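Each remark here refers to the structure printed beneath this line.
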Amino acid sequence: MLEEYGIKMVTLDLPFRLNHVNCFVAESENGVQVIDAGLHNEHTVRRWEKELEGKKVTDILITHYHPDHFGFAGALQQRTGARISMSQIDAKAGLDAWQESFLDDLTNNYKLAGIPGDDANDMIVNTKEFVPLVTPYPEINHYFVEGELLQIGKYEYEVIQTPGHSDGLVTFYNKEKNILLSTDHILPRITPNISYWFHGDPNPLGNYLKSLDKIKQLDVDLVVPSHGKPFYGGNERIDEIIAHHDERLDTLLDGIKGGCTVYEASEKLFQKKLTIHESRFAIGETLAHLEYLRAEGKCERELIDGNYRYSS
C-alpha cells in the first residue's frame, strides 16, 4: 500500500504487550529518511542493519520522545551521520526523562499519587531499566515547527503539532493524497496512552482532544499509524476515541465520589491484571483524566497525608 508513496513500513518487535512499533523508510534522491527508530536493543540493531544495508541515511525524523520511537535514534545517528529532526519540546523531554534528577522526582510523584511503597519502587526500577534502551542520546540538528513542509518519499508533507500523547508529538500530512502519518496520535485498535506525572502540560487530555479536533478538520482518508495497520476513515476513528474518553471520564466521576487517591481511581478504571510497566501507564492515564476533570471544574483535589485525593 505505501510503496506508491515512496515509503516502506518497518515493523520492529517490542518486549511489551504492545508488541510492535511501525517505523518507516522513505526514499529520496540523495538517500533515505528514517521515521522513528525503535528501542536500542539487539533486535532493533540487527533489523536496521538489514533494512539499511547499502543505503545512505540522510535524515532521521523522530515524531516524539517515547522510547520505542526515540530510543535507537542516537546510536543510528552515530552509525550513519544522519541529521536528526524532532520537536523542541520532545527533544528536551527525551534528554531529561531518564536523568537521575528526573528519576529522583518519581518517588515524590508516586507518593502524591498514593501508590503503595513496593509498587512505587518496582515502577522506579522499571523506568530505570529503559536507560540503556534510549542511549546514547542523539544530537538534535533541527526542530520541527508547525506548518513546516518536508519531502517524505514521493510527496510533500506538512508538519502538524498534535500534543497529547506527548507534549511535543508531531504528525505529517499530505493534502494531495489526503494521507496522515499519525504516529501515536491516532491508532486503529487501541487508544493512545495520555498520561500526566506532575510535570509538563498540566492538562494533556484536554490538549489531546483539541489535537483530535484539529486533525478532524482535515477529514483524512488514509491514516498510517505507529501501532497497528494503516486504515481508512480518520474521522470515524477520531469519533470512537473521543467516545472512549467520554466514557472513562464518566466512570471516574462516579468512582471518585467520596474521594480517592490516583492509585485507587486507577484500580476502578483498569480492573484487569497489569504488569508493573502497564501499571505506570494506567496510573498516568488516570491522573490525566482526573486533571482534565479538575480543569473543567468537575472535581476537586486535596493534599491529605502526603497524597492527592480527588472527589467529585
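As the structure is a prediction and not an experimental result, all values here were calculated from the model.
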Checking [Y] against [X]: is there a side-chain donor and acceptor pair closer than 3.5 Å?
X	Y	result
D184	H165	yes
T44	N41	yes
N22	S226	no
N30	S28	no
Y110	N121	no
T162	S211	no

Parallel, tilted or perpendicular, judged at 30° and 60°: which one describes the rings of H142 and F144? perpendicular
Ring center gap for [X] and [Y] short of 6.0 angstrom:
X	Y	answer
H199	F102	yes
H40	F70	no
H185	Y208	yes

Can [X] and [Y] be counted as an ion pair, charged N to O under 4.0 angstrom?
X	Y	answer
R294	E291	yes
E51	R47	yes
E264	R309	yes
K216	D219	no

Check whether NZ of the Lys or CZ of the Arg R248 lies under 6.0 Å from the centre of the six-membered ring of F270 and within 45 degrees of that ring's axis. yes
Applying the 4.5 Å side-chain criterion to the ILVMFWY set and letting contacts propagate, would I179 and Y232 be lumped into a single cluster? yes
Shared hydrophobic cluster, L18 / F72 (ILVMFWY, side-chain heavy atoms < 4.5 Å):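 No, no single cluster joins them.
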Counting only heavy atoms not in E53, do more than 12 sit closer than 6.0 Å to its CD atom?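 At most 12 heavy atoms, drawn from other residues, nucleotides or ligands, come within 6.0 Å of this atom.
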